[in-house]
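What you see below is based on every heavy atom in this structure, not just the backbone, and it leaves out hydrogens, waters and symmetry mates.
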Amino acid sequence: MALPEKTILFAKRRPIRFCLLCMLLLYAANIGRCLVWPPMWNLADENPTSTAFMDYRQDQWQAEDKTVKVSWTWRSLSRISPNLRRAVIVAEDSTFWEHHGFDWEGIRVALDKNLDRGRLSAGGSTITQQLAKNLYLSPEKSVTRKLQEAILTCRLEMNLSKDRILELYLNVVEWGKGVYGAEAAARRYF
(Lines give C-alpha, C1' and ligand atoms only; values in the text may rest on other atoms or scores of the structure.)
Protein backbone atom coordinates (compact mmCIF):
# COMPACT_ATOMS: atom_id res chain seq x y z
CA MET A 1 0.00 0.00 0.00
CA ALA A 2 1.52 3.30 -1.11
CA LEU A 3 1.42 6.45 0.98
CA PRO A 4 -0.82 9.24 -0.28
CA GLU A 5 0.93 11.96 -2.27
CA LYS A 6 0.12 14.63 0.38
CA THR A 7 1.79 12.54 3.08
CA ILE A 8 4.95 12.13 0.99
CA LEU A 9 5.09 15.87 0.31
CA PHE A 10 4.58 16.67 4.00
CA ALA A 11 7.37 14.25 4.96
CA LYS A 12 9.76 15.79 2.42
CA ARG A 13 8.99 19.42 3.33
CA ARG A 14 8.82 18.98 7.10
CA PRO A 15 10.80 15.87 8.04
CA ILE A 16 11.13 16.77 11.73
CA ARG A 17 7.40 17.37 12.12
CA PHE A 18 6.68 14.18 10.22
CA CYS A 19 8.99 12.17 12.51
CA LEU A 20 7.45 13.74 15.61
CA LEU A 21 3.97 12.97 14.34
CA CYS A 22 4.93 9.35 13.65
CA MET A 23 6.46 9.02 17.12
CA LEU A 24 3.34 10.50 18.69
CA LEU A 25 1.13 8.07 16.78
CA LEU A 26 3.30 5.11 17.86
CA TYR A 27 3.22 6.33 21.47
CA ALA A 28 -0.58 6.63 21.35
CA ALA A 29 -0.86 3.17 19.76
CA ASN A 30 1.36 1.70 22.50
CA ILE A 31 -0.87 3.18 25.20
CA GLY A 32 -4.06 2.40 23.26
CA ARG A 33 -3.27 -1.30 22.87
CA CYS A 34 -3.95 -1.64 26.62
CA LEU A 35 -7.61 -0.97 25.80
CA VAL A 36 -7.87 -4.39 24.13
CA TRP A 37 -4.76 -6.35 25.04
CA PRO A 38 -4.11 -8.42 27.06
CA PRO A 39 -7.39 -10.31 27.22
CA MET A 40 -8.81 -10.35 30.75
CA TRP A 41 -11.88 -12.54 30.37
CA ASN A 42 -9.79 -15.60 31.23
CA LEU A 43 -8.66 -14.17 34.60
CA ALA A 44 -12.17 -14.59 36.00
CA ASP A 45 -11.69 -18.34 36.34
CA GLU A 46 -8.12 -19.14 35.27
CA ASN A 47 -5.03 -18.51 37.36
CA PRO A 48 -2.02 -16.98 35.61
CA THR A 49 0.95 -19.29 35.11
CA SER A 50 3.43 -16.42 35.29
CA THR A 51 3.44 -12.62 35.42
CA ALA A 52 5.37 -9.87 33.66
CA PHE A 53 6.92 -8.97 37.00
CA MET A 54 8.16 -12.54 37.54
CA ASP A 55 9.63 -12.57 34.04
CA TYR A 56 11.25 -9.18 34.67
CA ARG A 57 12.87 -10.43 37.90
CA GLN A 58 14.05 -13.63 36.18
CA ASP A 59 15.69 -11.57 33.40
CA GLN A 60 17.24 -9.30 36.04
CA TRP A 61 18.75 -12.26 37.92
CA GLN A 62 20.06 -13.81 34.71
CA ALA A 63 21.72 -10.51 33.74
CA GLU A 64 23.37 -10.45 37.18
CA ASP A 65 24.32 -14.13 36.74
CA LYS A 66 22.39 -15.08 39.88
CA THR A 67 20.44 -18.24 40.50
CA VAL A 68 17.35 -17.58 42.59
CA LYS A 69 14.99 -20.33 43.66
CA VAL A 70 11.45 -19.18 42.87
CA SER A 71 8.70 -20.16 45.30
CA TRP A 72 5.09 -19.87 44.17
CA THR A 73 2.11 -21.89 45.33
CA TRP A 74 -1.41 -20.83 44.38
CA ARG A 75 -4.09 -20.69 47.07
CA SER A 76 -7.75 -19.82 46.66
CA LEU A 77 -8.92 -16.78 48.59
CA SER A 78 -10.92 -19.00 50.95
CA ARG A 79 -7.68 -20.76 51.96
CA ILE A 80 -5.84 -17.51 52.74
CA SER A 81 -6.18 -16.29 56.29
CA PRO A 82 -8.85 -13.59 56.72
CA ASN A 83 -6.43 -11.84 59.08
CA LEU A 84 -3.78 -11.67 56.35
CA ARG A 85 -6.37 -10.42 53.85
CA ARG A 86 -7.41 -7.62 56.24
CA ALA A 87 -3.79 -6.76 57.09
CA VAL A 88 -2.84 -6.44 53.41
CA ILE A 89 -5.87 -4.26 52.67
CA VAL A 90 -5.14 -2.00 55.66
CA ALA A 91 -1.45 -1.72 54.74
CA GLU A 92 -1.78 -1.38 50.97
CA ASP A 93 -5.20 0.04 50.15
CA SER A 94 -7.58 0.86 53.00
CA THR A 95 -10.35 1.95 50.60
CA PHE A 96 -10.11 -1.19 48.43
CA TRP A 97 -13.74 -2.19 48.88
CA GLU A 98 -15.07 1.32 48.13
CA HIS A 99 -13.15 2.52 45.06
CA HIS A 100 -13.26 1.46 41.42
CA GLY A 101 -9.53 1.00 40.96
CA PHE A 102 -8.20 4.38 42.02
CA ASP A 103 -7.88 6.04 45.42
CA TRP A 104 -8.01 9.67 44.33
CA GLU A 105 -7.22 11.00 47.81
CA GLY A 106 -4.21 8.66 48.07
CA ILE A 107 -3.02 9.80 44.65
CA ARG A 108 -3.35 13.46 45.70
CA VAL A 109 -1.37 12.87 48.92
CA ALA A 110 1.37 10.99 47.00
CA LEU A 111 1.52 13.76 44.40
CA ASP A 112 1.90 16.40 47.14
CA LYS A 113 4.72 14.39 48.77
CA ASN A 114 6.49 13.94 45.43
CA LEU A 115 6.22 17.64 44.62
CA ASP A 116 7.54 18.58 48.08
CA ARG A 117 10.50 16.22 47.74
CA GLY A 118 11.15 17.04 44.10
CA ARG A 119 11.28 13.38 43.08
CA LEU A 120 9.11 10.30 42.72
CA SER A 121 9.24 8.76 46.19
CA ALA A 122 5.64 8.16 47.26
CA GLY A 123 3.06 6.12 45.41
CA GLY A 124 -0.69 6.17 45.69
CA SER A 125 -1.30 2.86 43.93
CA THR A 126 -4.24 0.71 44.90
CA ILE A 127 -4.21 -3.08 45.08
CA THR A 128 -5.81 -3.19 41.62
CA GLN A 129 -3.13 -0.88 40.18
CA GLN A 130 -0.39 -2.99 41.75
CA LEU A 131 -2.02 -6.12 40.32
CA ALA A 132 -2.09 -4.57 36.83
CA LYS A 133 1.60 -3.70 37.14
CA ASN A 134 2.54 -7.15 38.44
CA LEU A 135 0.53 -9.09 35.86
CA TYR A 136 1.35 -7.12 32.73
CA LEU A 137 3.97 -4.38 33.19
CA SER A 138 7.36 -3.68 34.77
CA PRO A 139 8.44 -1.77 37.87
CA GLU A 140 9.69 1.04 35.62
CA LYS A 141 8.56 4.51 36.72
CA SER A 142 7.37 6.48 33.71
CA VAL A 143 4.33 8.35 32.50
CA THR A 144 3.80 5.77 29.76
CA ARG A 145 3.76 2.89 32.21
CA LYS A 146 1.41 4.77 34.54
CA LEU A 147 -1.01 5.42 31.65
CA GLN A 148 -0.90 1.75 30.66
CA GLU A 149 -1.44 0.79 34.30
CA ALA A 150 -4.46 3.10 34.54
CA ILE A 151 -6.10 1.52 31.49
CA LEU A 152 -5.38 -2.00 32.71
CA THR A 153 -6.70 -1.09 36.18
CA CYS A 154 -10.01 0.03 34.69
CA ARG A 155 -10.25 -3.18 32.70
CA LEU A 156 -9.49 -5.34 35.74
CA GLU A 157 -12.15 -3.55 37.79
CA MET A 158 -14.71 -3.92 34.97
CA ASN A 159 -14.04 -7.63 34.38
CA LEU A 160 -13.33 -9.05 37.84
CA SER A 161 -14.95 -9.04 41.26
CA LYS A 162 -13.15 -7.43 44.20
CA ASP A 163 -12.67 -10.88 45.75
CA ARG A 164 -11.01 -12.15 42.57
CA ILE A 165 -8.76 -9.07 42.35
CA LEU A 166 -7.68 -9.63 45.95
CA GLU A 167 -7.13 -13.35 45.32
CA LEU A 168 -4.97 -12.64 42.28
CA TYR A 169 -3.01 -9.97 44.12
CA LEU A 170 -2.33 -12.16 47.16
CA ASN A 171 -1.10 -14.93 44.86
CA VAL A 172 1.19 -12.99 42.52
CA VAL A 173 2.69 -10.17 44.58
CA GLU A 174 6.39 -10.47 45.42
CA TRP A 175 6.96 -11.08 49.16
CA GLY A 176 10.75 -11.27 48.98
CA LYS A 177 13.47 -12.35 46.56
CA GLY A 178 11.91 -15.15 44.49
CA VAL A 179 8.88 -15.44 46.79
CA TYR A 180 5.52 -14.89 45.09
CA GLY A 181 2.17 -15.10 46.81
CA ALA A 182 0.99 -15.44 50.37
CA GLU A 183 1.36 -19.22 50.53
CA ALA A 184 5.00 -19.17 49.41
CA ALA A 185 5.70 -16.34 51.86
CA ALA A 186 4.10 -18.27 54.73
CA ARG A 187 6.20 -21.32 53.91
CA ARG A 188 9.42 -19.29 53.56
CA TYR A 189 9.09 -17.08 56.63
CA PHE A 190 7.00 -19.15 59.06
Start with the C-alpha distance between Asn47 and Asn171, add both sets of side-chain angles, then the distance that settles side chain to side chain contact (heavy atoms under 4.5 Å, CB included), and finish with yes or no.
CA-CA 9 Å; Asn47 299 329; Asn171 275 287; over 6 Å; no

Measuring only between side-chain heavy atoms, which start at C-beta, is [X] closer than 4.5 Å to [Y]?
X      : Y      : result
Ser125 : Glu149 : yes
Val70  : Met54  : no
Lys162 : His99  : yes
Trp97  : Leu166 : yes
Trp74  : Arg79  : no
Leu160 : Thr128 : no

Quick check: closest heavy atoms across [X] and [Y], and the distance to 0.1 Å?
X      : Y      : answer
Cys154 : Phe102 : SG-CE1, 3.6 Å
Ser71  : Arg188 : OG-NH2, 3.3 Å
Leu168 : Pro48  : CD2-CD, 3.7 Å
Glu46  : Arg164 : O-NH2, 2.8 Å
Thr49  : Trp72  : O-CZ3, 3.1 Å
Ser50  : Asp55  : OG-OD1, 3.0 Å

Asp103 side-chain N/O to Thr126 backbone N/O, donor-acceptor pair under 3.5 Å:
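Pair absent, no side-chain N/O of Asp103 close to backbone of Thr126.
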
Kindly compute the distance separating [atom1] ([X]) from [atom2] ([Y]), expressed to the nearest 0.5 Å.
X      : Y      : atom1 : atom2 : result
Ser78  : Asp163 : OG    : CG    : 10.0 Å
Ser138 : Asp59  : OG    : CG    : 11.0 Å
Arg85  : Leu77  : CZ    : CG    : 4.5 Å
Lys146 : Lys141 : NZ    : NZ    : 9.0 Å
Tyr136 : Leu131 : OH    : CG    : 7.5 Å

Over 60° means perpendicular and under 30° means parallel, so classify the ring planes of Phe53 and Tyr56, tilted if in between.
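Aromatic pair Tyr56/Phe53 classed tilted.
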
Matching residue for Leu43 among Ile165, Asn159, Leu156 - test: side-chain contact (heavy atoms from CB on, under 4.5 Å)
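Only match with Leu43 under side-chain contact (heavy atoms from CB on, under 4.5 Å): Leu156.
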
Can you list everything that forms a salt bridge (charged side-chain N to carboxylate O under 4.0 Å, His left out) with Glu64? Sequence neighbours excluded, please.
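Glu64: salt bridge (charged side-chain N to carboxylate O under 4.0 Å, His left out) contacts with Lys66.
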
Going by atom type alone, with no hydrogens or angles, which donor-acceptor pairs under 3.5 Å involve a side-chain atom of residues 172-186 and a protein atom two or more places apart or on another chain?
{"from": "Glu174", "atom 1": "OE1", "to": "Arg57", "atom 2": "NE", "distance (Å)": "3.1"}
{"from": "Glu174", "atom 1": "OE1", "to": "Arg57", "atom 2": "NH2", "distance (Å)": "3.2"}
{"from": "Glu174", "atom 1": "OE2", "to": "Arg57", "atom 2": "NE", "distance (Å)": "3.2"}
{"from": "Trp175", "atom 1": "NE1", "to": "Val173", "atom 2": "O", "distance (Å)": "3.2"}
{"from": "Glu183", "atom 1": "OE1", "to": "Arg75", "atom 2": "NE", "distance (Å)": "3.4"}
{"from": "Glu183", "atom 1": "OE2", "to": "Arg187", "atom 2": "NE", "distance (Å)": "2.9"}
{"from": "Glu183", "atom 1": "OE2", "to": "Arg187", "atom 2": "NH2", "distance (Å)": "3.1"}

Cluster question for you: counting only ILVMFWY and a side-chain heavy-atom cut-off of under 4.5 Å, with indirect links fine, are Val90 and Leu170 together?
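No, Val90 and Leu170 fall in different hydrophobic clusters.
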
Run the side chain to side chain donor-acceptor pair (under 3.5 Å) test against Thr153 and tell me which residues pass, sequence neighbours left out.
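For Thr153, no residue satisfies side chain to side chain donor-acceptor pair (under 3.5 Å) once neighbours in sequence are set aside.
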
